[in-house]
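Predicted model only: the values in this text are computed from it and were never measured.
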Amino acid sequence: MDRDEFARKVGEFVRNGAQKAGEFAHKVDDGLIDGVFQPIMDRLLPGKSPWRLGLNFQLGSLVFLGFAFFILLIIGAVSLALNFYNLLSFVFGLVLFLGFSRMHIVERSGMGNPMRPALFVWRVLFLISSFYDVYQILYDRSLLALPNDLQYMSDIAFGIGLYFMACRVAPPRQKRRTIEAYSWQESQ
């Protein structure tokens, strides 16, 4: 096997692997949205905006991140560089929240959400980082466990908000009039 043939086979292997990984990520993402978050949204707030619910989760994420930053400032047990990093992550989250809250996407009942494909990469990055976050929440018992747990919960709340933002608006439920509902009036 010469070099050109080897390079062609390696390139083909990389392309097929990346394509399969992308297909797998789309399947997992679609399964989570359609199988978990959309049914929750349909039962929780029928006819309401999933975009607003996602923004509320992201605001909660900022609150967790702000508390973690505040605790680290009070304790003073971390370096100036780590405090600067935490401040930058808070400002970045705030900028994202303000940017998302200023977007007025067209949400119509029963129609697809135009932000579902646009936020795909953010949701995949959330899935990858959430495994590490859950592991750290369960097994990190250091001196700074509380601020770290708040930061990890902030990441998870941000990702849940992204998934709710990808849901579509369900049509409002119709009030059903049944015979059983009026049967008590006939007996009186």
Side-chain angles (χ1 to χ4, degrees), residues 21-71 85-138 146-178 180-181:
E23 290 172 4
F24 178 74
H26 271 287
K27 284 181 186 177
V28 169
D29 185 57
D30 290 341
L32 279 172
I33 292 172
D34 296 333
V36 177
F37 290 98
Q38 188 65 50
I40 291 172
M41 189 65 212
D42 292 345
R43 293 200 187 270
L44 189 63
L45 299 168
K48 303 296 183 196
S49 171
W51 188 262
R52 290 283 171 210
L53 182 63
L55 284 177
N56 288 338
F57 270 97
Q58 290 187 350
L59 182 62
S61 168
L62 283 175
V63 169
F64 280 144
L65 202 55
F67 280 150
F69 179 68
F70 186 66
I71 289 172
Y85 172 77
N86 289 334
L87 179 65
L88 281 179
S89 64
F90 179 79
V91 169
F92 181 69
L94 183 64
V95 167
L96 279 175
F97 173 75
L98 292 175
F100 283 147
S101 64
R102 295 190 75 169
M103 286 183 187
H104 298 287
I105 64 167
V106 178
E107 292 181 311
R108 288 183 287 178
S109 180
M111 301 300 287
N113 187 343
M115 292 305 289
R116 183 172 178 164
L119 297 175
F120 169 72
V121 174
W122 286 92
R123 292 190 307 267
V124 170
L125 290 175
F126 157 70
L127 283 178
I128 293 169
S129 69
S130 65
F131 290 115
Y132 176 73
D133 292 341
V134 169
Y135 172 78
Q136 288 292 49
I137 287 173
L138 294 176
L146 178 63
N148 288 340
D149 288 350
L150 287 173
Q151 289 175 341
Y152 301 140
M153 287 189 288
S154 169
D155 293 343
I156 291 171
F158 185 83
I160 290 172
L162 286 175
Y163 272 98
F164 276 120
M165 291 166 85
C167 293
R168 61 177 161 55
V169 178
R173 291 187 202 154
Q174 299 290 329
K175 292 184 179 180
R176 289 187 254 158
R177 299 175 70 175
T178 59
E180 294 84 31

Nearest heavy atoms of D34 and P39, plus distance in Å: O-CD, 3.3 Å
OG on S101 to CZ on R52, rounded to 0.5 Å: 7.5 Å
Output field: ring centroids F69/F90 closer than 6.0 Å: no
Side-chain touch R123/I33, heavy atoms, less than 4.5 angstrom: yes
Parallel, tilted or perpendicular: rings of Y152 and Y132 (30°, 60°): perpendicular
Side-chain heavy-atom pair L96, Q58 within 4.5 angstrom cut-off: no
Residues Q151 and D155: side-chain donor-acceptor under 3.5 angstrom: no
For the student: nearest non-hydrogen atoms of S154 and L65, plus distance: OG-CB, 3.7 Å
Mutual orientation of the aromatic rings belonging to F164 and F57 [parallel < 30°, tilted 30-60°, perpendicular > 60°]: parallel
F67 CZ: over 12 foreign heavy atoms closer than 6.0 Å: no
Side chain to side chain, L127 and Y163, heavy atoms closer than 4.5 Å: yes
Spacing of W51 atom CH2 and M103 atom CE [to the nearest 0.5 Å]: 5.5 Å
SB check R116 D30 (cutoff 4.0 Å): yes
F100 side chain reached by L162 side chain, heavy atoms, under 4.5 Å: yes
Distance, nearest 0.5 Å, that separates CD1 of I160 from CZ of F158: 12.0 Å
For C167 against P50, the heavy-atom pair lying closest together: O-CG, 3.4 Å
Gap between atom CG of L94 and atom OG of S89 - 0.5 Å precision: 11.5 Å
Residue pair I137 / D149: nearest heavy atoms and the distance that separates them: CA-OD1, 3.7 Å
Mutual orientation of the aromatic rings belonging to F92 and W122 [parallel < 30°, tilted 30-60°, perpendicular > 60°]: parallel
Closest heavy-atom pair and its distance - G54, M165: CA-CG, 3.6 Å
Gap separating the CZ atom of F97 from the CG atom of L59, nearest 0.5 angstrom: 4.5 Å
